[in-house]
Structure formats: C-alpha cells, structure tokens
Amino acid sequence: SLDSQFQATRAREMGDFAEAYGLTYRVYDSQNDAYMQLTLLERARMEGARAIILCPLRPSLLTESLTSIQRARIPLVLTTALTDGFGGVMLETDNTSVGRLAGEFLGSALAASSTGNSNDTQVVILEAPDSAYSSARVDGFLAALRASTPAAQISARLPGGAQRTSSLEA
C-alpha cells in the first residue's frame, strides 16, 4: 500500500528509474487488499502493461493471472520470492538479518544511553503475527537485542499488521 512510507518511497524511486530510462511507469495501489491487487493486475494487462513489478499479497490468489503473464511472456519482477517464479525474477530479502540489524541498532542506542543495563528497560514489539516475513524479522531482532542487551524486557508484542491504521491503533 502506498500508505506506508517504505512503499511510497519504493514506488517513487522506481518511477525515477523508469523516467531516467525513458520508460512509461504506472503505479496500481491495491491498498493492501489481495482481491483488489488481483483486479488491478488484470486491469494493468488490459491497459497494455509491457512489464510488471509485483509485491504479491496473497500468492495463491494470483496463480491464474501470473500463469497467464508467463504465457504471454510479459517481463515480471516479484518483490517476494514465491515457490513458482512464473518465469519472472524474484527478489529475496533476508528478513532475519533485517530484524537483527534493528535489534543491534536498538541495543547500541540503549547502551549509549546507559538504560540498556537497567532491568527497567521495556521494549514493545509491533509485528504482523500472520506474516512469515514479520516473524523472521522479530526472531532476528530478539536474538540481537538479547545478545547486546540481556536486561531488556519485552513488555508487549502488539499485532500491527502491514496496514498503517492497524499499526497506529496498536
């Protein structure tokens, strides 16, 4: 969803690259809705998309469309690795390492402020509990934080999800 700073920045940067190469570029925002993503993917094809960059929300829902994209030989980039790449290129993120970096950063910040050695250091984790990438990031975060700041206490793990509104509510 373009509601997140990360995704909005990613979309803008891709637009900058496309412009630099003289390519037509259009963003279709599914607003983190898997069914809307499916319909927008089909709309992009009807509108003549010659290449597709996709961050699949629910891959099982996209199988028929992605198979059709592969048959039509439309270049495809998936921002998440799937079991089947549908003839496209898949980008893979090491989510455990991403979480570890965040845990190391927080551990360093706590050490620099000297609160990291206190048993009063409370940490709240905002996560997307139904997401494999979030679970891997939290695992990496906790491992690094416990290694650098063993006195830190996890006071809560709140489900924020991938949507901005649910994260703000948490």
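Please read all numbers here as calculations on a predicted model, not as lab measurements. In what follows, every heavy atom counts, from backbone to side chain, and hydrogens, waters and symmetry copies are set aside.
Atoms CD1 and OG1, from Ile154 and Thr121 in turn, are 10.5 Å apart once rounded to the nearest 0.5 Å. Distance check, rounded to the nearest 0.5 Å: SG of Cys55 to CG of Leu57 gives 6.0 Å. Of the inter-residue distances, the one linking Glu19 atom CD with Thr24 atom OG1 reads 11.0 Å to the nearest 0.5 angstrom. Atom CG in Leu61 sits 5.0 Å away from atom CG in Leu38 (nearest 0.5 Å). Interatomic distance, Arg50 CZ to Ile74 CD1, rounded to the nearest 0.5 Å: 11.0 Å. Within the model, atoms CZ of Arg12 and CZ of Phe17 stand 10.0 Å from one another, a figure rounded to the nearest 0.5 Å.
Nearest approach of Ser148 to Gly103, heavy atoms of both residues: OG-O, 4.2 Å. Residues Leu40 and Asp29 come closest through the heavy atom pair CD1-O, 3.4 Å. Of all non-hydrogen atoms in Leu78 and Pro56, the two that sit nearest each other are CD2-CG, 4.1 Å. Across every non-hydrogen atom of Ser155 and Val124, the tightest pair is OG-CG2, 3.5 Å. Contact between Leu2 and Ala11 at its shortest, heavy atoms only, is CD2-CB, 3.7 Å. The two residues Ala144 and Arg100 come nearest to each other via the heavy atoms CB-O, 3.4 Å.
Within 6.0 Å of the CD atom in Glu42, the count of heavy atoms belonging to other residues, nucleotides or ligands exceeds 12. Within 6.0 Å of the CZ atom in Phe105, the count of heavy atoms belonging to other residues, nucleotides or ligands does not exceed 12. Counting non-hydrogen atoms of neighbouring residues, nucleotides and ligands closer than 6.0 angstrom, the CD atom of Glu64 reaches no more than 12 such neighbours.
For the pair Tyr25/Leu23, no side-chain contact is recorded, criterion being any heavy-atom separation below 4.5 Å from C-beta on. Looking at heavy atoms from C-beta onward, Ile69 lies out of side-chain contact with Leu54 at the 4.5 angstrom threshold. Inter-residue side-chain proximity for Asp84 and Leu66 is flagged as unmet; no heavy-atom pair is nearer than 4.5 Å. A heavy-atom distance below 4.5 Å is not found between the side chains of Gln7 and Thr79. Contact check for Ile125 versus Arg137: no side-chain heavy atoms found under the 4.5 Å cut-off.
Applying the salt bridge (charged side-chain N to carboxylate O under 4.0 Å, His left out) rule to Arg73 yields no partners; only residues at least two apart in sequence or on another chain are considered.
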Steps toward side-chain hydrogen bond (donor to acceptor under 3.5 Å, both in side chains) verdict (Ser65, Arg45): CA-CA 10 Å; Ser65 289; Arg45 294 207 45 210; over 6 Å; no
Stepwise side-chain contact (heavy atoms from CB on, under 4.5 Å) check, Ile53 with Arg10: CA-CA 11 Å; Ile53 301 169; Arg10 179 192 276 191; over 6 Å; no
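A continuous path of hydrophobic side-chain contacts links Leu91 to Val27 [ILVMFWY only; heavy atoms under 4.5 Å].
Side-chain atoms of Tyr28 do not come within 3.5 Å of backbone N or O of Thr39 as any donor-acceptor pair. In this structure, Ser30 contributes its side chain and Gln37 its backbone to no donor-acceptor pair below 3.5 Å.
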